[in-house]
Amino acid sequence: FSGCNGPELEPFQDRHIVSLAGTFTTESPDEINFPVKVLFAIDCSLSMGDEVDGTVVGSDPYFLRIEAVRNFIDTYNSNENTSFEIMLWNNDVFERTRTIDGRGGFTKDPDELNRVLDLARNDTMTDYLGTLDAIHTDIQRDINNSDEESLIRSKYVVIFLSDGMSNVQGGSQPNADIWNSVSEIYDMAEAYGVGGFNFHTILLLGMFGDTQSGQEARAYAENTLQGMADRGNGQFRLFETAESIDFVSIVDMRLTVEYKIKYLVAYNTNVKAGIDRVWVDTDGDGLIDIDEANYGTDPY
């Protein structure tokens with residue numbers, strides 16, 4: 001308007017919502033490895049089996065839990081992506097599978113796996129905390145020896161089997177300490193970015209009597225192992241008898257991989273950035289429409 005002393009009008013620009021569509025393509029799963037590493041931590045305390053007055057007693061005096069481990073390994077060891085660690089524990093971890101460097105770890109070697117399974121024996125007490133510390137050490141060492149690309153496709157599965165409460169030097173270990181140890185293992189695996197982690201717990205029944213004290217002990221053991229599974233992204237299971245132990249039917253060996261888009265770059269070929277505005281370039285030839293008009297060329 002003539003005579004108006006107001007500021008110049010701001011240039012007007014149309015704004016539109018743009019939608020993008022396309023295909024997200026991953027590498028073929030047949031061409032990459034998805035390692036699954038299973039660690040068995042098997043209770044071999046005296047309550048599992050002993051001879052009293054000439055009679056064999058205990059939750060599993062004939063080591064059927066060991067045969068269940070052997071059956072699981074025989075089922076899955078033919079898969080090139082699977083490996084196993086076996087820890088036999090009571091008052092401490094008295095035997096475990098070893099890698100080529102002689103330290104505890106995962107292996108596919110049938111001779112090494114069978115060597116450990118053949119050394120199973122029942123003796124002394126039930127040290128949950130010491131065993132959890134050994135699990136933490138061996139998994140962290142394995143993670144440290146793995147490259148980042150392999151880790152994001154790796155799944156760790158811990159199977160912790162016991163037949164009762166922790167019992168070291170005549171006393172039980174606090175649940176808070178046990179649960180915290182499992183949380184630390186899980187948090188460590190998460191911090192390193194492993195593809196999957198599950199800490200499953202199993203209570204083998206048989207040593208809990210029908211008395212009030214026996215049922216209280218069972219409830220306490222169930223609570224301990226359930227809390228461990230909850231903190232380790234796992235499941236808690238009960239086996240009534242050693243004959244019923246079957247790891248194949250309860251352990252999920254699959255790995256679910258989530259792909260995330262980290263970067264998305266979109267470029268509009270119909271505009272060109274200016275100093276104070278965005279200039280329209282309808283035909284996307286690099287010459288903005290206003291210059292096309294000045295040169296007498298076709299903006300379309």
Side-chain angles (χ1 to χ4, degrees), residues 1-38 76 79-83 106 139-158 183-200 229-235 251-300:
F1 299 94
S2 62
C4 178
N5 297 322
E8 293 185 9
L9 295 177
E10 291 289 329
F12 174 78
Q13 298 186 37
D14 287 335
R15 281 169 168 69
H16 304 278
I17 297 176
V18 177
S19 62
L20 300 177
T23 301
F24 185 75
T25 305
T26 67
E27 297 173 82
S28 170
D30 295 330
E31 299 175 359
I32 52 180
N33 293 326
F34 292 89
V36 180
K37 303 181 180 186
V38 184
Y76 289 109
N79 187 321
E80 63 179 1
N81 292 323
T82 59
S83 56
F106 296 90
I139 290 180
Q140 184 167 24
R141 183 188 303 116
D142 187 79
I143 288 175
N144 288 336
N145 291 333
S146 303
D147 60 82
E148 183 178 357
E149 184 177 348
S150 176
L151 274 180
I152 62 176
R153 297 188 176 108
S154 295
K155 179 176 183 177
Y156 288 86
V157 179
V158 178
S183 294
E184 288 178 349
I185 297 171
Y186 179 79
D187 291 343
M188 178 267 296
E190 284 283 289
Y192 279 99
V194 302
F197 184 89
N198 303 115
F199 195 110
H200 301 305
D230 291 343
R231 288 157 178 81
N233 190 37
Q235 296 184 358
V251 178
D252 185 1
M253 298 288 282
R254 296 171 298 174
L255 173 64
T256 300
V257 178
E258 293 184 358
Y259 290 94
K260 298 179 180 179
I261 299 177
K262 297 182 67 174
Y263 304 102
L264 176 64
V265 179
Y267 183 73
N268 188 348
T269 59
N270 296 116
V271 297
K272 190 173 183 179
I275 297 175
D276 60 349
R277 71 193 71 182
V278 176
W279 298 98
V280 177
D281 178 11
T282 301
D283 56 8
D285 63 356
L287 192 63
I288 61 176
D289 288 4
I290 192 170
D291 286 342
E292 299 253 23
N294 291 335
Y295 296 139
T297 54
D298 186 356
Y300 298 98

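Throughout, numbering of the chain's residues begins at 1 and tracks the sequence.
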Write down the atom of [X], the atom of [Y], and the distance for their closest heavy-atom approach.
{"X": "His200", "Y": "Gln235", "answer": "ND1-N, 3.0 Å"}
{"X": "Thr82", "Y": "Asn79", "answer": "OG1-O, 2.9 Å"}
{"X": "Trp279", "Y": "Ala273", "answer": "CD1-C, 4.5 Å"}
{"X": "Lys37", "Y": "Ser146", "answer": "NZ-OG, 3.8 Å"}

Residues that Thr282 engages under side chain to side chain donor-acceptor pair (under 3.5 Å), provided they are two or more places apart: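 Once residues adjacent in sequence are excluded, the partners of Thr282 under the side chain to side chain donor-acceptor pair (under 3.5 Å) criterion are Asp289.
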Results of side chain to side chain donor-acceptor pair (under 3.5 Å) for Asp230 - residues two or more places apart only: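 For Asp230 the side chain to side chain donor-acceptor pair (under 3.5 Å) partners, ignoring immediate neighbours, are Gln226.
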Can you tell me how far the [atom1] atom of [X] sits from the [atom2] atom of [Y], to the nearest 0.5 Å?
{"X": "Ile185", "Y": "Gln140", "atom1": "CD1", "atom2": "CD", "result": "10.5 Å"}
{"X": "Arg231", "Y": "Asp187", "atom1": "CZ", "atom2": "CG", "result": "11.5 Å"}
{"X": "Asn81", "Y": "Ser150", "atom1": "CG", "atom2": "OG", "result": "9.0 Å"}
{"X": "Ile139", "Y": "Asn144", "atom1": "CD1", "atom2": "CG", "result": "12.0 Å"}
{"X": "Ile288", "Y": "Arg277", "atom1": "CD1", "atom2": "CZ", "result": "9.5 Å"}

Ring pair (Phe, Tyr, Trp, His ring centres under 6.0 Å) against Phe199, all qualifying residues, sequence neighbours excluded: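 Listed in chain order: nothing, the list is empty.
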Do [X] and [Y] touch side chain to side chain, with heavy atoms closer than 4.5 Å?
{"X": "Ser83", "Y": "Pro35", "result": "no"}
{"X": "Tyr76", "Y": "Val251", "result": "no"}
{"X": "Thr269", "Y": "Asp281", "result": "no"}
{"X": "Asp252", "Y": "Asn198", "result": "no"}
{"X": "Tyr156", "Y": "Phe106", "result": "yes"}

Please list, one pair per line, the donor and acceptor atoms closer than 3.5 Å that link side chains of residues 293-300 to other protein atoms, with sequence neighbours excluded.
residue: Asn294; atom: ND2; partner: Ile290; partner atom: O; Å: 3.3
residue: Thr297; atom: OG1; partner: Glu292; partner atom: O; Å: 3.3
residue: Thr297; atom: OG1; partner: Glu292; partner atom: OE1; Å: 2.4
residue: Asp298; atom: OD1; partner: Tyr300; partner atom: N; Å: 2.9

Contacts of Glu190 that satisfy side chain to side chain contact (heavy atoms under 4.5 Å, CB included) - sequence neighbours left out: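 Scan of Glu190 (side chain to side chain contact (heavy atoms under 4.5 Å, CB included), adjacent residues dropped) gives Tyr186.
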